[in-house]
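So you know, we letter chains A, B, ... as the sequences are listed, proteins then strands, and number each from 1.
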There are 2 protein chains.
Amino acid sequence: MNTDAHNGIDYSMLQSRIGYMLRRAQMAYFDIFAEACAKEGITPGLFGILAIVYRNPGLTQTAVSSALDVDRSAMVAAIDKLEEMEVMERRKSQNDRRSYALYLTDKGKAFTDRLNRTVIERESDFEHFLNEDDREWLLKILDRIVQAKKGN
Amino acid sequence: MNTDAHNGIDYSMLQSRIGYMLRRAQMAYFDIFAEACAKEGITPGLFGILAIVYRNPGLTQTAVSSALDVDRSAMVAAIDKLEEMEVMERRKSQNDRRSYALYLTDKGKAFTDRLNRTVIERESDFEHFLNEDDREWLLKILDRIVQAKKGN
DNA sequence: TATTGTTATACTCTATAACTATA
DNA sequence: TATAGTTATAGAGTATAACAATA
């Protein structure tokens, strides 16, 4: 099956590249994901920060940036935004006065819960073509890819 | 297994989202892919165009842009670059004088063959953790995701 | 009227480098 | 010396809108 069913174009050189197919699949999912985030007034990037701090309260900005694989300079405006929304707060770190410890406010916890439910709902509406085994297997393989990269 | 093995951070809210894991996996692969392209003096975006025109000679710029899901305005500079490299050429279309038909030069065909081999090599070096069945299954699932999105 | 290629423009995302205050 | 947060800035990638030539 070297030919795309819909427009008669031969994608074979790309369709056999996992890198390319990951990109296309990610673009497809990103639309769903971004739409779910937008519905709650947020962006995919900010969702990642909320999700990390939700489960790991007290991390520094740099720790979060490194967990998400983005530069720490990108955190400043992002945390500013989240503080403006009153869902996150910077607290002066006790032992190291250079850094902040990040925490969700009560509002932020409720917000993240609701956001997370919205994202899960939208994704599972979209995932009718995957059964539970497929889903689990896919997540496992994707995690293996991510971990493999870390070891270069 | 809700915790990342390497840095002690709890990723569970993200690690169960296919959208997020696709993004991380894609980032991991993108590095490999971009590096292979760079080795041949090209970018991932240009690889996509070469791969489509290689298998579908004579397409218009708009047809290629739509095959790759990018705006047609982005094609202009890209095709300019490929013509500069003497790997692709615009030929005036016979029946529609508004459009160009795109073709690889002989040099472009050889270039794309070599490029494709380099990409395949780099990817398979990286894919030691996937057996052939895994690989095929993954490609099939990713294709299903892409196709599902087209039907909204 | 609609479409092709084109241009100008803007926007998002991200990385880099330099600064400050702390360590 | 090194690190945390910050700022300014620049680059890549992509989208939007408008225009001329052609359909």
Side-chain angles (χ1 to χ4, degrees), chain A residues 7 19-20 22-24 26-28 30-31 33-35 37-38 41-49 52-53 56 58-84 88-103, chain B residues 7 19-20 23-24 26-28 30-31 33-35 37-38 41-49 52-53 58-84 88-103:
Chain A
N7 57 16
Y20 178 78
L22 280 171
R23 179 166 162 268
R24 294 301 293 264
Q26 193 264 324
M27 286 168 63
F30 186 80
D31 287 349
F33 183 51
E35 192 188 299
C37 288
I42 213 167
T43 62
L46 295 180
F47 176 87
I49 297 173
I52 292 293
V53 176
N56 307 271
L59 286 185
T60 64
Q61 294 185 190
T62 298
V64 174
S65 76
S66 129
L68 293 171
D69 251 337
V70 296
D71 194 86
R72 65 205 162 94
S73 68
M75 299 299 291
V76 182
I79 309 286
D80 285 351
K81 180 83 196 301
L82 293 171
E83 279 198 321
E84 237 172 72
M88 190 174 288
E89 57 183 24
R90 292 174 168 101
R91 297 190 201 155
K92 279 282 179 203
S93 176
Q94 305 285 359
N95 30 345
D96 185 340
R97 287 184 309 177
R98 287 173 306 182
S99 65
Y100 295 110
L102 298 175
Y103 293 91
Chain B
N7 57 15
Y20 178 78
R23 178 164 162 268
R24 292 301 293 266
Q26 192 263 324
M27 284 168 63
F30 186 81
D31 287 349
F33 183 52
E35 192 188 300
C37 288
I42 213 166
T43 63
L46 295 180
F47 175 87
I49 298 173
I52 292 294
V53 175
L59 287 185
T60 64
Q61 293 185 189
T62 297
V64 173
S65 75
S66 129
L68 294 170
D69 251 336
V70 296
D71 195 87
R72 66 205 159 93
S73 67
M75 299 299 292
V76 181
I79 310 287
D80 284 352
K81 180 82 196 301
L82 293 170
E83 278 198 321
E84 236 171 72
M88 189 174 289
E89 58 183 24
R90 292 173 167 100
R91 297 190 201 155
K92 279 281 179 204
S93 175
Q94 305 287 359
N95 30 344
D96 184 342
R97 285 184 309 175
R98 288 173 305 182
S99 64
Y100 296 110
L102 299 176
Y103 293 91

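- Residue-to-nucleotide proximity on DNA chain D shows that, of Ala74(B) and Tyr100(A), the 5′-proximal contact is made by Tyr100(A).
- Look at Arg90(B) and you'll find a side-chain N or O under 4.0 angstrom from OP1 or OP2 of dT6(C).
- When distances are taken from the side chain of Arg72(A) to each of dT6(C), dG5(D), dT4(C), the shortest belongs to dG5(D).
- One finds the OH atom of Tyr100(B) at 3.5 Å from the NZ atom of Lys92(B) (value rounded to the nearest 0.5 Å).
- Nucleotide dT14(D) holds its C1' atom 13 Å from the CD1 atom of Ile49(B), rounded to whole Å.
- At the heavy-atom level, Ser73(A) lies under 4.0 Å from base atoms of the strands shown.
- Note on Asp71(B): a base of the nucleic acid sits closer than 4.0 angstrom, heavy atoms only.
- A distance of 10.0 Å separates CZ of Phe33(B) from CD of Gln26(B), quoted to the nearest 0.5 Å.
- Atom CD1 of Ile52(A) is separated from atom CG of Leu68(A) by 5.0 Å, given to the nearest 0.5 angstrom.
- Among residue pairs with one or both ends in residues 74-84 of chain B, those qualifying as salt bridge (charged side-chain N to carboxylate O under 4.0 Å, His left out) are Asp80(B)-Arg90(B), Glu83(B)-Arg90(B); sequence neighbours excluded.
- Comparing Phe30(A) and Arg97(A) against DNA chain C, the residue whose closest nucleotide sits nearer the 5' end is Phe30(A).
- Distance Ile42(B) CD1 to dG13(D) P: 12 Å, rounded to the nearest Å.
- For a distance-only test at 3.5 Å, the side chain of Arg98(B) fails to qualify as a donor-acceptor partner of the base of dG5(C).
- When rounded to the nearest whole Å, the span between CD of Gln26(A) and C1' of dG13(D) equals 14 Å.
- Rounded to whole Å, atom P of dG5(C) lies 16 Å from atom CZ of Arg91(B).
- A distance of 10.5 Å separates CG in Leu59(B) from OG in Ser65(B), rounded to the nearest 0.5 Å.
- Across the protein-nucleic acid pair, Ile79(B) atom CD1 and dG5(C) atom C1' stand 11 Å apart, rounded to whole Å.
- Nearer the 5' end of DNA chain C, as judged by each residue's closest nucleotide, is the contact made by Met75(B), out of Asp96(A) and Met75(B).
- Note: CD (Glu89(A)) to P (dG5(D)) measures 16 Å, nearest angstrom.
- Spacing between atom NZ of Lys92(A) and atom C1' of dA4(D) amounts to 10 Å, rounded to whole angstrom units.
- Contacts of Thr60(B) with the nucleic acid, taken as non-hydrogen atoms under 4.0 Å apart, involve only primed sugar atoms and P, OP1 or OP2.
- Straight-line distance from the CD atom of Gln94(B) to the P atom of dT22(D): 15 Å, rounded to whole Å.
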